[in-house]
Protein chains: 2
Amino acid sequence: MPPLDVADLLRGVGLRVTRPRVAVLEALERLPHADTGDVIDAARRDVPDVSHQAVYDSLAALTEAGLVRRIQPHGHTARYERRVGDNHHHVVCRTCGTIADVDCATGEAPCLVPSQDHGFVIDEAEVIFWGTCPACARAGSTATPRDPQTPAPA
Amino acid sequence: MPPLDVADLLRGVGLRVTRPRVAVLEALERLPHADTGDVIDAARRDVPDVSHQAVYDSLAALTEAGLVRRIQPHGHTARYERRVGDNHHHVVCRTCGTIADVDCATGEAPCLVPSQDHGFVIDEAEVIFWGTCPACARAGSTATPRDPQTPAPA
DNA sequence: GTCCTTTCTTGACTCGTTCAAGAAAGCCGG
DNA sequence: CCGGCTTTCTTGAACGAGTCAAGAAAGGAC
């Protein structure tokens, strides 16, 4: 894979170019929806001795700069993805936690507008579809659900 | 307030009627969107010596039985509400974590259907609107945001 | 190359949540 | 109304993702 101009991306948003940040961005390029542990492991492929703290800091900086997006479904640790700026949502498997992308359900952003806003200034509508992935559906009840929340159609 | 027939509710879903469970349900009646700590405190108003563990167990049992619903926005501890079965969503303040109810944006359940399902069997579409509540908007930038995630219109 | 600022390393720590073992309470049948 | 079985609660320890803090190292502007 050609070296992504990740450095330019970083400079473009006013962040210093450091090895941990580059490694984190490239890790997310390879692993969409990686959780924090995955990111740490993957970043260490490029920078074997990065501290977990550096990864946390990098993820926070990248998230704040808008280069990555954080997703954190109930009962799962934080996950991150590089796909930002477009308008998409997620399907999450209740059993194994697998995440898949779903294009916006209704068309363009803002795809949803609340029926009442209670005076809030709304800047984002986050949509998570919950269900069972094909693999877990096939495995049936042999798998142990991680999030036993009762399915409440909403 | 007349004693709610919380006991019947519990029996109705096949759960034993215990003092902690009753106290938790009544606490959630008083405090919509209470977090775990609030529930523990509120339950102790009725049952001063309930263990936190009993509250966790009760919340888990009630959630599984469908009597309460768990909400857990990024960066905040789990919250619970009694309003279940109807079709509503939430607005969450990025600054102070306040939650308000919003009736379903599009009408009836299922209010959203994903444009692609990747073979998942979908049972719920969860919608969270992120923004700033009136109080925090007024307070301006003096408050410390708890979730600095960049607003990514989706 | 120098210097200032930001970022990384190291290591301890917090706090929500879970686990485990035994005691207590709910509930069913008689 | 009581025995007995099962579920639930108490107690106390443990877990783990994430955070905090102080000093060392690296980025980048001049």
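Numbered from 1 within each chain, the chains take letters A, B, ... in sequence-line order. Computation of the quantities below employed the complete heavy-atom set of this structure, encompassing side-chain atoms and omitting hydrogens, waters and symmetry-equivalent molecules. These figures come from a predicted structure and were not determined experimentally.
To the nearest angstrom, P of D:dA14 lies 18 Å from OH of B:Y56. B:H76 has its NE2 atom 14 Å from the P atom of C:dG16, to the nearest Å. We find that CD of B:Q72 is positioned 12 Å from P of C:dG16, with the value rounded to whole Å. At whole-Å resolution of the value, OH in A:Y80 and P in D:dA17 are 13 Å apart. Distance B:I40 CD1 to D:dT11 C1': 15 Å, rounded to the nearest Å. Spacing between atom CD1 of A:I71 and atom P of D:dA17 amounts to 18 Å, rounded to whole angstrom units. Straight-line distance from the NE2 atom of A:H74 to the P atom of D:dA17: 19 Å, rounded to whole Å. The nearest whole Å value for the distance from the CG atom in A:L10 to the P atom in D:dA26 is 18 Å.
Remark: B:T77 engages B:D35 in a side chain to side chain contact (heavy atoms under 4.5 Å, CB included) (not counting sequence neighbours). Residues forming a side chain to side chain contact (heavy atoms under 4.5 Å, CB included) with A:A100 (at least two apart in sequence, or on another chain): A:V91, B:H118, B:F120. A search for side chain to side chain contact (heavy atoms under 4.5 Å, CB included) contacts involving B:A78 returns B:T36, B:R70, B:Q72, B:Y80, not counting sequence neighbours. With sequence neighbours left out, the side chain to side chain contact (heavy atoms under 4.5 Å, CB included) criterion links B:I128 to A:E126, B:V92, B:E126, B:W130. A search for side chain to side chain donor-acceptor pair (under 3.5 Å) contacts involving B:D101 returns B:H33, B:R83, B:H88, B:H90, not counting sequence neighbours. Take A:D8 and apply the salt bridge (charged side-chain N to carboxylate O under 4.0 Å, His left out) test, not counting sequence neighbours, and it matches A:R11.
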Problem - Candidate pair A:E124 and B:R94, rule salt bridge (charged side-chain N to carboxylate O under 4.0 Å, His left out), full reasoning - result: CA-CA 11 Å; A:E124 179 183 357; B:R94 287 191 193 277; 2.9 Å; yes

Got a list of protein N/O to nucleotides 21-23 of chain C N/O distances below 3.5 Å?
none

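Note that the two end axes of the helix from C:dG1-D:dC30 to C:dG30-D:dC1 enclose an angle of 50°, each drawn from 5 base pairs, rounded to 10 degrees.
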Exercise for the section: Encode nucleotides 3-14 of chain C as B, S and - characters from 5' to 3', where the letter depends on protein heavy atoms closer than 4.0 Å: B to the base, S only to sugar-phosphate, - to neither. Expected result: --BBSSBB----

Donor-acceptor pairs are to be reported for all side-chain atoms of residues 12-19 of chain A against protein atoms at under 3.5 Å, with residues two or more places apart or in another chain.
unit_1	atom_1	unit_2	atom_2	d
A:T18	OG1	A:R21	N	3.4

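Mapping B:R11 and B:T36 onto DNA chain C by nearest heavy atom places B:T36 closer to the 5' end of the strand.
Between A:R30 atom CZ and A:D46 atom CG the span is 5.5 Å, to the nearest 0.5 Å. How far CG of A:L28 is from CG of A:L67: 10.5 Å, rounded to the nearest 0.5 Å.
In this structure, A:R79 does not pair ionically with A:D38, as no charged nitrogen and carboxylate oxygen lie closer than 4.0 Å.
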